[in-house]
Amino acid sequence: MAEHATEDQWTVVDDYLNDLLAPGDEALTAALADSEAAGLPHIAVAPNQGKFLHLIARIQGARRVLEIGTLGGYSTIWLARALPADGVLVTLEYDPRHAEVARGNLARAGLDKIAEVRVGPALDSLPGVAADHPDPFDLVFIDADKANNPHYVEWALRLTRPGSVLIVDNVVRGGRVTDDSGAAPDIRGIRAALQMIADHPKLDGTALQTVGAKGYDGFALARVLP
């Protein structure tokens, strides 16, 4: 028989799992504290979600990661820590203030030689990423403005190789993903990106709903095919 839980219980369970399997350290805790002090929105991934990204990158054997949407660099730290010493992570952030916080957090974590923060609209930055990093990325994490998700998926396909992994965050939005009215730009973008994953001959993917301290949402996971 299925069991039901309240949102308060989701948070309690997340706290238990985070303490057990994804405990914070000085750099991660300070990254969240500095983001809070700078007034950044409280939309960073949860610790267990950050650990999930880290493990996916490790399982993938990633050496090169592209992140679209940096915020304060919390998820960036998790991803960069999965890379070898000569690994490369490029992360794109729209807001210069957010990027400044992220750079400080990455430097304190000792990852500023691996992780490069580029500032500006991601769709403006991506051609430069393609020019400066001709080798394909092994993993792309998309967690930026949702209306542009289909464009980000298109760019991810250009910048990856067969076997690369794409993760698109926040694809459920409290269940609003089922709204097919087209009224909300974020939902239009999410649905278009999911449709691309379903239809594109070079993508094989799925999406999962999640609950926890960050509420009710979900993510899509796709693999690039030959």
Side-chain angles (χ1 to χ4, degrees), residues 14-38 40-93 98-119 122 125 129 132-133 135-144 152 156 159-161 163-170 208 210 212-214 219-224:
D14 254 9
D15 289 343
Y16 165 72
L17 296 175
N18 291 336
D19 291 343
L20 183 65
L21 299 171
D25 55 31
E26 182 179 353
L28 289 167
T29 301
L32 292 175
D34 281 6
S35 297
E36 171 82 17
L40 273 59
H42 298 168
I43 55 174
V45 301
N48 52 353
Q49 295 167 348
K51 182 66 174 291
F52 173 82
L53 293 173
H54 176 88
L55 288 172
I56 290 293
R58 292 286 298 272
I59 292 166
Q60 174 70 355
R63 303 182 65 85
R64 300 170 53 76
V65 169
L66 173 63
E67 179 183 51
I68 302 177
T70 315
L71 195 62
Y74 182 75
S75 57
T76 320
I77 292 173
W78 277 109
L79 286 165
R81 284 179 169 177
L83 302 183
D86 60 348
V88 172
L89 188 151
V90 179
T91 182
L92 310 181
E93 173 53 46
H98 296 181
E100 181 180 0
V101 173
R103 287 187 178 119
N105 287 332
L106 290 164
R108 179 173 47 233
L111 298 167
D112 48 327
K113 298 296 188 296
I114 289 177
E116 173 195 358
V117 182
R118 296 198 178 197
V119 182
S125 299
V129 173
D132 296 341
H133 296 274
D135 293 334
F137 289 94
D138 306 305
L139 186 151
V140 179
F141 178 47
I142 299 171
D143 188 16
Y152 299 146
L159 296 173
T160 53
R161 56 168 176 79
S164 292
V165 169
L166 279 57
I167 302 172
V168 186
D169 203 8
N170 307 127
L208 299 177
T210 60
K214 296 297 179 178
F219 66 93
L221 177 71
R223 184 172 183 265
V224 180

When rounded to the nearest 0.5 angstrom, what is the spacing between [atom1] in [X] and [atom2] in [Y]?
X      : Y      : atom1 : atom2 : value
Thr70  : Leu92  : OG1   : CG    : 6.5 Å
His98  : Leu40  : NE2   : CG    : 4.0 Å
Ile167 : Leu221 : CD1   : CG    : 5.5 Å
Leu89  : Arg64  : CG    : CZ    : 10.5 Å
Leu71  : Leu32  : CG    : CG    : 9.5 Å
Leu106 : Ile114 : CG    : CD1   : 10.0 Å

- Partners of Glu116 by salt bridge (Lys or Arg N to Asp or Glu O under 4.0 Å), sequence neighbours excluded? Arg118
- Message: According to salt bridge (Lys or Arg N to Asp or Glu O under 4.0 Å), who are the partners of Asp14, at least two apart in sequence or on a separate chain?
- Response: none
Test your reading of the model: is there a side-chain donor-acceptor pair from [X] to the backbone of [Y], 3.5 Å cut-off?
X     : Y      : answer
Asn48 : Asn18  : no
Lys51 : Ala46  : no
Glu93 : Val119 : no
His54 : Trp78  : yes
Gln60 : Gly163 : yes

Heavy-atom pair with the smallest gap, counting every atom of [X] and [Y]:
X      : Y      : value
Ala115 : Thr76  : CB-CG2, 4.3 Å
Arg81  : Leu28  : NH1-CD1, 3.5 Å
Ala62  : Val65  : CB-CG2, 4.1 Å
Gly73  : Ala102 : N-CB, 3.8 Å

- Task: Report the C-alpha separation of Tyr74 and Ser35 in whole Å, then their side-chain angles, then the decisive distance to 0.1 Å, and conclude whether the side chain to side chain contact (heavy atoms under 4.5 Å, CB included) test is met.
- Result: CA-CA 9 Å; Tyr74 182 75; Ser35 297; 6.0 Å; no
- Query: Under 30°, 30 to 60°, or over 60°: which ring-plane class applies to Phe52 and Phe219, parallel, tilted or perpendicular?
  - Reply: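 Tilted: the ring planes of Phe52 and Phe219 meet at 30° to 60°.
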- Using the ring of each side chain (for Trp, its six-membered ring), is His133 parallel, tilted or perpendicular to Phe137, with breaks at 30° and 60°? tilted
- Message: Less than 4.0 angstrom from a charged side-chain N to a carboxylate O is my criterion; do Lys113 and Asp86 meet it?
- Response: no
Below 4.5 Å, heavy atoms only, C-beta onward: do [X] and [Y] meet side chain to side chain?
X     : Y      : value
Ile68 : Asp143 : no
Leu79 : Glu67  : yes
Leu66 : Leu159 : yes
Leu53 : Phe141 : yes

- Message: Could you go through Val45 and Asp169, starting from their C-alpha distance and side-chain angles, then the distance that decides it, and tell me whether this counts as side chain to side chain contact (heavy atoms under 4.5 Å, CB included)?
- Response: CA-CA 9 Å; Val45 301; Asp169 203 8; 3.9 Å; yes
- Query: Do Leu139 and Arg63 pass the side chain to side chain contact (heavy atoms under 4.5 Å, CB included) test, and can you show the C-alpha distance, the side-chain angles, and the key distance before you say yes or no?
  - Reply: CA-CA 9 Å; Leu139 186 151; Arg63 303 182 65 85; over 6 Å; no
- Task: Kindly state each residue pair satisfying side-chain hydrogen bond (donor to acceptor under 3.5 Å, both in side chains) with at least one member in residues 100-112, sequence neighbours excluded.
- Result: Asp34-Arg108, Asn105-Arg108
- Message: Using side chain to side chain contact (heavy atoms under 4.5 Å, CB included), reason through Leu111 and Ile77 one step at a time and then give a plain yes or no.
- Response: CA-CA 7 Å; Leu111 298 167; Ile77 292 173; 3.9 Å; yes
- Query: Should we say atom CZ of Arg161 is surrounded by more than 12 heavy atoms from elsewhere, each under 6.0 Å from it?
  - Reply: yes
